[in-house]
Amino acid sequence: MNKEGFSDLQKTSSTDSQIRVAVLISGGGTNLQAIIDEERQNPKNCPYKVSLVISSTKNAFGLERAKKANIPALVASPYSVLGEEQAKNATREEKRLAVSRQVLNLCQQHQIQAIVLAGFLTVLSGSIVDEYSGRIINLHPALLPKFGGVGMWGHHVHEAVIASGATESGCTVHLVDKGCDTGEILLQRKVPVLPGDTPETLYARIAPEEHSAMVEGIKLLAKKLKV
């Protein structure tokens, strides 16, 4: 999609009742399910439509959730894009760029207007960040700007929070830019860190907040795009 084509999508998003969203996942897809449930339960008032699900792993259960909801579900992994042999020899950045290009191609094909990273473990890079500038949001399992950046994902985040002695944690929904966890913060949800917490118990307290934050984040993005 060239700049002119993307401008057409921007124009469409300001007049249609729902923005077309792609949700990117890597695992079980519990946040994806919360996003789908909100759309299905409030069809008249929901400002978004999940039009595509993309996984960075072929066995992610989130793909099954998408298929059950009759949403196109596709895989964009280094192996699916580059092939097994080339992927084995590629650098991390080469893999990221290859996956990012494929995600961009798929989003263009499905006329996607906004991208939601819901546990997607590949850092997007290259032209997709420019083409969808201001239209990509990410859910991070901590209170940014603390505990963000390279290596800060999943249990690694919760381990770091506990080790720091922090008394609260939570999750952040933010816009994606060319950095890692550096984009504009849209919203945060907080939970206490309790004595004796493990990464597992802390995550169990944060997870429900992630689900509602993800839904609210998409709604905030939809509102920004319709102004």
Side-chain angles (χ1 to χ4, degrees), residues 1-10 13 19-27 31 35 48 52-57 74-78 80-82 87 90-154 156-157 160 170-188 210 213-214 216-227:
M1 183 185 302
N2 56 30
K3 291 294 183 182
E4 182 178 355
F6 193 73
S7 295
D8 290 340
L9 276 185
Q10 289 180 317
S13 69
I19 62 169
R20 292 175 59 83
V21 169
V23 181
L24 277 53
I25 63 168
S26 292
N31 284 310
I35 295 166
Y48 65 83
L52 178 65
V53 171
I54 302 174
S55 174
S56 65
T57 56
L74 303 168
V75 175
S77 70
S80 69
V81 178
L82 296 173
T91 65
R92 176 184 292 182
E93 186 56 30
E94 288 171 339
K95 292 176 182 178
R96 286 177 176 174
L97 283 171
V99 170
S100 297
R101 283 194 294 266
Q102 179 67 349
V103 170
L104 176 58
N105 289 337
L106 294 173
C107 287
Q108 290 172 342
Q109 291 170 20
H110 288 263
Q111 296 183 306
I112 297 302
Q113 295 165 292
I115 299 172
V116 177
L117 306 181
F120 194 65
L121 296 182
T122 298
V123 176
L124 295 180
S125 58
S127 59
I128 189 171
V129 181
D130 294 320
E131 292 287 346
Y132 279 88
S133 177
R135 291 172 166 262
I136 309 175
I137 60 173
N138 178 55
L139 175 70
H140 185 75
L143 299 176
L144 294 176
K146 296 181 178 179
F147 309 108
V150 177
M152 286 290 99
W153 58 273
H156 300 291
V157 176
C171 58
T172 302
V173 177
H174 66 94
L175 291 174
V176 171
D177 58 16
K178 293 185 178 181
C180 186
D181 300 326
T182 56
E184 176 190 344
I185 293 173
L186 296 182
L187 68 100
Q188 293 182 317
E210 289 185 345
M214 192 83 269
E216 184 180 348
I218 304 174
K219 290 181 176 180
L220 287 174
L221 179 62
K223 185 177 180 180
K224 287 168 71 77
L225 298 181
K226 289 176 179 293
V227 172

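These numbers come from the heavy atoms of this one structure, side chains and all, not from hydrogens, waters or symmetry mates. FYI, the numbering just counts along the sequence from 1.
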- Message: Test side chain to side chain donor-acceptor pair (under 3.5 Å) on Ser26 and Ser56; report intermediate values, then the result.
- Response: CA-CA 5 Å; Ser26 292; Ser56 65; 2.5 Å; yes
- Message: Pair Asn138, Phe120 - check side chain to side chain contact (heavy atoms under 4.5 Å, CB included), show working.
- Response: CA-CA 9 Å; Asn138 178 55; Phe120 194 65; over 6 Å; no
- Stepwise side chain to side chain contact (heavy atoms under 4.5 Å, CB included) test for Lys224 and Leu186: CA-CA 11 Å; Lys224 287 168 71 77; Leu186 296 182; 4.2 Å; yes
- Message: Pair His110, Leu74 - check side chain to side chain contact (heavy atoms under 4.5 Å, CB included), show working.
- Response: CA-CA 11 Å; His110 288 263; Leu74 303 168; 4.0 Å; yes
- Test Ile112 against Arg135 for side chain to side chain contact (heavy atoms under 4.5 Å, CB included), laying out the working first. CA-CA 10 Å; Ile112 297 302; Arg135 291 172 166 262; over 6 Å; no
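Between Ala142 and Phe147 the shortest heavy-atom distance is CB-CB, 3.9 Å. Closest of all the heavy-atom pairs between Gly151 and His156 is O-CB, 3.4 Å. The two residues Val81 and Ala98 make their nearest non-hydrogen contact at CG1-O, 3.7 Å. Minimum heavy-atom separation, Leu221 to Gly134: CD1-O, 3.4 Å. Looking at every heavy atom in both residues, Met152 comes nearest to Asp181 through O-OD2, 4.4 Å. Taking both residues in full, the closest heavy atoms of Leu97 and Ser125 are given as CD2-OG, 3.5 Å, listed atom of the first, atom of the second, then distance.
With hydrogens and angles disregarded, a donor-acceptor distance shorter than 3.5 Å links the side chain of Tyr48 to the backbone of Ile35. The main-chain N or O of Thr172 is never found under 3.5 Å from a side-chain atom of Gln188 such that the two would form a donor-acceptor pair. In this structure, Thr122 contributes its side chain and Arg96 its backbone to no donor-acceptor pair below 3.5 Å.
In Lys146, the NZ atom is not crowded: 12 or fewer heavy atoms of neighbouring residues, nucleotides or ligands sit closer than 6.0 Å.
Looking only at side-chain heavy atoms (C-beta outward), Ser77 and Thr57 stay at 4.5 Å or farther from each other. Inter-residue side-chain proximity for Leu52 and Gln109 is flagged as unmet; no heavy-atom pair is nearer than 4.5 Å.
A side-chain contact (heavy atoms from CB on, under 4.5 Å) with Val176 is found for one member of Val123, Ile128, Ile137, Leu117 and no other, namely Leu117.
Distance CD/Glu184 to CG/Leu175: 5.0 Å, rounded to 0.5 Å. Between atom NZ of residue Lys95 and atom OG of residue Ser100 there is a gap of 13.5 Å, rounded to the nearest 0.5 Å. Annotation: the span from Met214 atom CE to Lys219 atom NZ amounts to 12.5 Å, rounded to 0.5 Å. From Gln102, atom CD reaches atom CD1 of Ile54 across 8.0 Å, with rounding to the nearest 0.5 Å. Interatomic distance, CG of Leu144 versus NE2 of His174, reported as 5.5 Å (0.5 Å rounding). Taking OG of Ser55 as the reference point, atom CG of Leu121 lies at 9.0 Å (rounded to 0.5 Å).
Legend: residues meeting side-chain contact (heavy atoms from CB on, under 4.5 Å) with Asp177, ordered by chain and number and at least two apart, are Thr182.
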